[in-house]
Amino acid sequence: MTKTQALLDPTLGWVLLAAFSVLWVGLGIYWGRRNKNFEDHALAGRNIGLALGSATAAATWITSNTTMLAPQFALQLGIWGMLAYSTASFGLLLFAPMAGRIRSLMPNGYTSGDFFRLRYGRVAWGIFLVFTLFYSLTWLVSMAMAGGILLNALSGISYAWGMSVILGVCVLYTMRGGLAAVIGTDFIQSMIILAGIVIVGIAVLSQVPVAEIHANLTAERPALLDVLFPAAIMAIFNNLLFGLGEVFHNNVWWSRAFAFRKGVAGKAFALGGLIWFPVPIAAGFIALASGALNVPVPASDMVGPLVVATVLGKAGAIGIFVIVFCSLASSIDSLLAATSDLLTEDVYRRMIKPAATPDRLKTVAQWVTLGLGVFTWAVCLPRIGTLATVLFFAGPLVGAMIWPIVTGLYWRSATTTGAIGGMLLGAAAGLACYFLIGWYTGALVATAVSMVWVVACARFSAARFDWAKLKESS
Amino acid sequence: MLYAASPPTFRSDGAIDSDTGYSLIEWDASGPATLAIAPPGAPSRELYSGSNEAFFISGLADGTYRLTLRDASGQEAPPLELRVAHQSVTQALWLVALGAIVFLATVAAILRGARDD
């Protein structure tokens, strides 16, 4: 084991954890009061405005990965690594026009699964469900594990307690408040995260000038400034396409597209992407300053907190604790809500109980959220170190879904054969390259293979899809 | 009776190879230790001194680096070699080109929108 000291006293950590837990659960219960049926619970009554919409898009995308992994990327892969991470904002920016299209084609839609079922049929829908559940559950597990690990590293709170509390809090307020609570808390969380990152950036710059950081990197870590750093330039488009695949397919984003007021979705996602874009750059810059600030880094994923604690002292340690808690909560709650809606709508309603009433569906969604929480907790408890890395296997799976979704939304000629083949061939080729060449090729090759297959099938197809089939009544 | 503390030791059994220019260096020591690195053809410089038992090093250019570890009493661990050989730039540029094509095609498909509605 690597020995490192916690930045905060455990008692102070518990006080902060308790204070924010009470705040989120209280707000969740308050915002959940108006939820009368499944539509209110899952889609916040389809009435989210621009301010909340933009904030939730940015906050959900600011995960603990953004605040922890972006500095790690910068420390490992330099300037290109930092920029590669920020390319994930293209996922939100490009989803902006798609969200408007989704809203108009599917005014009664609930989930991304609805789209696959209505557009491509049950086989494609089944493959989509397997891919998306693998991705969502591994993302959920990796976030909850990260919560336990980070709270332990920051404050000395034991892994099991930290993970259990953060997961329990998110389950409670998501169960009670549904998407309205998730989006409301996201708004507050995004404000805290953005303010924290700005303060840290200014503090770092006030302690060490950019010229000194550059001189230190040139002397001691020259590859981080190298324009032709092979591993870093390979990561750029792989990361970008992974981000596109994550946003385009996942119900976290589709549920927001359905929940935003008419005419708001496009602007909200575009603004969310613009708000998000500088966050990994600011977080990455902190890591690049570690050498000039003489901050020894015993583990690459701890570089962000260590630099912040060095620059801002105890106040910085408290700040990073709060930022990490907010980043984790804003992603875990969204995943819980979106995955429970997907299971309720696509599995319970479509496969088990088509005649279920809206009230019944709301109750089922709440129980599914609780079940997901218990499942995640049970998987996370043994703290299997390699489990979080499983998320990276999802790169080829999500990359392979980009073209079936894009063409399915815009081309009448896109076919079921194209979608099924694109997903299966793309995922297989991507996974093969992931293991044979390296992680930096998985999503890229999967998207390329899927694109060629989907386009070829559309090119040679005489069929023309009737868009009205997507307007299924609720 | 006094017992001499055992010297610090690197956890890696042999030389470390890296194709990314970064690596985690870990060691065992009974107290504070000093880690130093000697780049190819250059004098050794101190990387870290303290009680941690790991140091993440990154941004190294191609070459063989010699790492040394010494405790407060002056006892040294056997030196550790870190060999850095970055991946092929040609392969990287081909993958960048493929990525750019796929990305631009995706952007074009979205921005072009539905032309046959």
Side-chain angles (χ1 to χ4, degrees), chain A residues 1-5 72 75-78 87 90 94-95 97-98 101 217 220-226 228-234 236-238 240-241 244 248 291 296-303 399 402-403 406-407 409-413 437-438 440-441 444-445 447-448 451 455 464 467, chain B residues 11 18-29 35 37 39 42 45-63 84-117:
Chain A
M1 280 286 283
T2 299
K3 280 193 276 181
T4 50
Q5 278 201 319
Q72 183 180 343
L75 190 69
Q76 291 174 336
L77 301 175
T87 60
F90 284 98
L94 288 175
F95 193 65
M98 291 167 64
R101 175 89 176 151
L217 291 173
E220 296 184 5
R221 301 171 193 249
L224 300 189
L225 300 174
D226 187 357
L228 292 177
F229 183 172
I233 59 174
M234 280 189 279
I236 296 171
F237 282 103
N238 191 71
L240 196 161
L241 293 168
L244 253 59
F248 287 8
V297 181
S300 56
D301 55 358
M302 283 303 289
V303 62
I402 293 174
W403 274 79
V406 171
T407 54
L409 280 172
Y410 291 110
W411 298 2
R412 285 184 190 277
S413 56
I437 302 174
Y440 40 80
T441 60
L444 171 57
V445 171
T447 314
M451 179 181 87
V455 171
R464 293 294 178 265
W467 297 123
Chain B
R11 283 194 203 150
S18 168
D19 61 4
T20 52
Y22 61 76
S23 183
L24 180 66
I25 311 297
E26 293 179 291
W27 63 88
D28 293 304
L35 177 72
I37 187 168
R45 66 180 165 83
E46 186 178 305
L47 283 176
Y48 171 72
S49 189
S51 299
N52 285 351
E53 292 187 351
F55 186 87
F56 185 79
I57 190 166
S58 68
L60 299 178
D62 281 348
V84 178
H86 283 278
Q87 295 164 74
S88 157
V89 175
T90 311
Q91 175 191 276
L93 290 174
W94 275 112
L95 284 167
V96 169
L98 176 64
I101 292 167
V102 173
F103 173 62
L104 291 174
T106 309
V107 173
I110 293 168
L111 296 184
R112 189 171 173 270
R115 293 291 168 94
D116 57 350
D117 267 353

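This is a predicted model, so every value here is computed, not measured. As a basis for the values below, the full set of heavy atoms in this structure was taken, side chains included, without hydrogen atoms, waters or symmetry mates.
Proximity to chain B (any heavy atom under 4.5 Å) is shown, for A:Thr407, by neither the backbone nor the side chain. For a residue to count as touching a neighbouring chain, one of its non-hydrogen atoms must lie under 4.5 Å from one of that chain's; by this rule B:Thr90 does not touch chain A. In this structure, no portion of A:Leu217 lies under 4.5 Å from any heavy atom of chain B. Using a 4.5 Å cut-off between heavy atoms, A:Ile236 makes no contact with chain B at all. The contact between A:Leu75 and chain B is made by backbone and side chain atoms together, counting heavy-atom distances below 4.5 Å. Only the side chain of A:Pro97 comes within less than 4.5 Å of a heavy atom in chain B; its backbone stays farther off. Proximity to chain A (any heavy atom under 4.5 Å) is shown, for B:Phe55, by both the backbone and the side chain. When heavy atoms are compared at a cutoff of 4.5 Å, A:Val297 approaches chain B by way of both its backbone and its side chain.
Of all the heavy atoms in A:Ala299 and B:Leu24, the pair that sits closest is CA-CD1, 4.5 Å. When all heavy atoms of B:Tyr48 and A:Pro296 are compared, the pair lying nearest together is CD1-CB, 3.3 Å. Nearest heavy atoms, B:Ala92 versus A:Pro230: CB-O, 3.8 Å.
Legend: residues meeting ring pair (Phe, Tyr, Trp, His ring centres under 6.0 Å) with B:Phe56, ordered by chain and number and at least two apart, are B:Tyr22.
Between B:Thr106 and A:Phe90, the closest side-chain pair of non-hydrogen atoms is not below 4.5 Å. Contact check for B:Val102 versus A:Phe237: no side-chain heavy atoms found under the 4.5 Å cut-off. The closest side-chain heavy-atom distance from B:Ile110 to A:Phe248 is below 4.5 Å. Side-chain atoms of A:Gln76 and B:Ser58, non-hydrogen and from C-beta on, never get closer than 4.5 Å to each other.
Chain B forms the most heavy-atom pairs under 4.5 Å with one residue out of A:Ser300, A:Ala448, A:Gly78, and that residue is A:Ser300. When B:Ala61, B:Ala100, B:Gly21 are compared by the number of non-hydrogen pairs under 4.5 Å with chain A, B:Ala100 comes out ahead. When A:Leu240, A:Leu225, A:Val455 are compared by the number of non-hydrogen pairs under 4.5 Å with chain B, A:Leu240 comes out ahead. In terms of non-hydrogen atom pairs under 4.5 Å with chain B, the most contact-rich of A:Met98, A:Glu220, A:Met451 is A:Glu220. Ranked by heavy-atom pairs under 4.5 Å with chain B, the first of A:Gly291, A:Ala232, A:Ala231, A:Pro222 is A:Pro222.
A:Ile233 contributes atom CD1, which lies 9.0 Å from atom CG of B:Leu95 (distance to the nearest 0.5 angstrom). In this structure, NE2 on B:His86 lies 11.5 Å from CG on A:Leu228, to the nearest 0.5 angstrom.
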Given side chain to side chain contact (heavy atoms under 4.5 Å, CB included), test A:Leu444 with B:Leu98 step by step and report yes or no.
CA-CA 8 Å; A:Leu444 171 57; B:Leu98 176 64; 4.3 Å; yes
